[in-house]
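By convention in this document, chain letters (A, B, ...) are assigned in the order of the sequence lines, proteins followed by strands, and residues within each chain are numbered from 1. Keep in mind that this is a model prediction, so the values were computed, not measured.
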Amino acid sequence: MPDCTSLTLDRHLAPAGASAESFARLWAGLWTQRRIPPDLLELCRLTFARLHDDAGEMAAANPAVALAAGQRDAVLAGQAPADPAYAAALLFAEYYWLDAQSITDEAADAVKAHYGEPGLVLLIEALGLIDGRIRAARCLRDLSAHTSAKEAAHV
Amino acid sequence: MSDTPRVGTPGTQTGNTIRDSALGLVPETVSEIIALNGHVWNDTIVPPALLEIIRLRNARTVNCVFCKSVRYDVARADGLTEERADMIAPGYQDSALSEREKSAIALADCYLGFPAGIAPDLAPRLAAAFTREEIAAVLVALMTFNFTSRTAVSIGGMPEEPLPIIELSVSVTTD
């Protein structure tokens with residue numbers, strides 16, 4: 001499953017049954033909710049892809065989201081967006097990725113100033129789902145690659 | 001870490017600890033999160049004791065004080081005593097945990113690591129220990145435990161000192 005990324009993970013998790021279906025519904029809901037712009041969540045995904053140094057994840061594009069010209073490359077280059085709301089959310093995302101315990105009150109307050117308390121909660125949930133899916137996809141890719149290589153070596 | 005919560009709660013007293021927490025501020029997601037937790041515990045092919053082992057491994061890695069203090073009733077009933085829970089710690093490889101339990105911790109560490117991923121020498125061991133369906137179920141459970149514990153830490157207001165161990169019915173987070 002070399003194509004497995006956070007965006008294609010659900011079909012690889014489907015053998016888990018009901019829990020995977022529920023997880024997929026939760027994920028799908030992120031891209032239709034209205035508290036945090038979906039294009040900002042896609043920029044969070046790309047930020048995490050960069051921090052994980054995950055080439056497959058960085059190359060992937062969410063078909064549910066249209067990014068403005070230049071946004072994708074800027075985030076992958078580590079440049080903060082000009083929009084202060086987006087900049088606040090992406091800074092919060094970097095703290096979150098490093099360690100949730102490292103998040104400062106100032107970073108959280110900046111997100112709340114733009115999106116309110118429910119927006120901050122939604123962003124936190126979304127960051128957890130995005131990072132978790134990137135991690136799970138990496139594990140599945142490695143598992144497939146290393147077990148396939150071992151099987152091939154025995155042929 | 002913030003010692004006061006960064007957000008409030010919805011002020012409800014439904015008896016469901018997730019719905020009554022700050023997550024209840026987002027009605028668009030809270031019901032599915034509760035449903036997900038229910039599916040992870042109640043509709044899975046992975047035994048509750050094994051789920052609890054990876055939940056505790058995650059809790060200790062993320063350092064979620066609340067999560068670390070909880071023991072779910074279904075896992076206790078499935079044989080995860082406090083003595084065995086204590087083995088989910090550095091040196092677990094030499095503990096009395098079963099090989100399958102040790103493999104589950106190894107998989108959790110792969111998921112939780114920096115970088116996340118599975119080393120070539122570990123992959124065959126995991127593939128031998130778990131079916132494809134079990135790997136998928138463990139990963140869904142890990143993602144669920146990980147994002148909820150990191151959510152709790154991110155929201156803040158968590159004590160720094162360890163809390164007493166409490167046994168909870170899994171139903172308080174799933175019904």
Side chain to side chain contact (heavy atoms under 4.5 Å, CB included) between A:Val121 and B:Thr29, intermediate numbers included: CA-CA 10 Å; A:Val121 174; B:Thr29 54; over 6 Å; no

Quick one: what part of [X] sits under 4.5 Å from any heavy atom of chain B, side chain, backbone, both or neither?
X	result
A:Thr32	neither
A:Trp97	both
A:Ile130	neither
A:Leu129	both
A:Leu51	neither

Would you check, one step at a time, whether the test side chain to side chain contact (heavy atoms under 4.5 Å, CB included) holds for B:Leu25 with A:Arg35? CA-CA 11 Å; B:Leu25 295 174; A:Arg35 294 189 190 276; over 6 Å; no

So, does [X] use its side chain to make a donor-acceptor pair with the main chain of [Y] at under 3.5 Å?
X	Y	answer
A:Lys112	B:Arg6	yes
A:Gln101	B:Asn63	yes
A:His146	B:Ile118	yes
B:Glu28	A:Gly29	no

For the OG atom of A:Ser144 and the CD1 atom of B:Ile135, what is their distance to the nearest 0.5 Å? 11.5 Å

Taking the six-membered ring of B:Phe114, is the NZ or CZ of A:Arg135 close enough (under 6.0 Å from the centre) and on axis enough (within 45°)? yes

Could you go through the side chain to side chain contact (heavy atoms under 4.5 Å, CB included) check for A:Glu125 and B:Ile33 one step at a time? CA-CA 10 Å; A:Glu125 292 172 357; B:Ile33 291 171; 3.7 Å; yes

Is it the backbone or the side chain of B:Val62 that comes under 4.5 Å from a heavy atom of chain A, or both, or neither? backbone

Under a 4.5 Å heavy-atom cut-off, does chain A meet the side chain of B:Ala141, its backbone, both or neither? neither

Decide whether A:Phe92 and A:Leu98 are clustered together by the hydrophobic rule: side chain heavy atoms of Ile, Leu, Val, Met, Phe, Trp, Tyr closer than 4.5 Å, transitively. no

Is it true that B:Ile165 and B:Phe66 fall in one hydrophobic cluster, defined by side-chain heavy atoms closer than 4.5 Å? no

Output, in order, the C-alpha distance, side-chain angles, deciding distance and verdict of side chain to side chain contact (heavy atoms under 4.5 Å, CB included) for A:His12 and B:Leu139. CA-CA 11 Å; A:His12 301 290; B:Leu139 286 174; over 6 Å; no

I'd like to know whether [atom1] of [X] has more than 12 heavy-atom contacts from other residues, nucleotides or ligands below 6.0 angstrom.
X	atom1	answer
B:Arg100	CZ	yes
B:Gln93	CD	yes
B:Gln13	CD	no

Of all heavy-atom pairs between [X] and [Y], which one has the smallest distance, and what is that distance?
X	Y	answer
A:Asp142	B:Gly117	OD2-CA, 3.1 Å
B:Ala123	A:Leu143	O-CD1, 3.6 Å
B:Asp43	A:Ala18	CB-CB, 4.2 Å
B:Ala127	A:Thr147	CB-CG2, 3.7 Å
A:Ser22	B:Ala35	OG-C, 3.9 Å

Tested for side chain to side chain contact (heavy atoms under 4.5 Å, CB included) against B:Arg150, the lone hit among A:Leu127, A:Ile124, A:Asp131 is A:Asp131

Of all of A:Gly116, A:Gly128, A:Ala136, which one pairs up most often with chain B through heavy atoms under 4.5 Å apart? A:Ala136

Is there side-chain contact between A:Leu26 and B:Phe147, with at least one heavy-atom pair below 4.5 Å? yes

Out of B:Leu112, B:Ile45, B:Val138, which one racks up the most heavy-atom pairs below 4.5 Å with chain A? B:Leu112

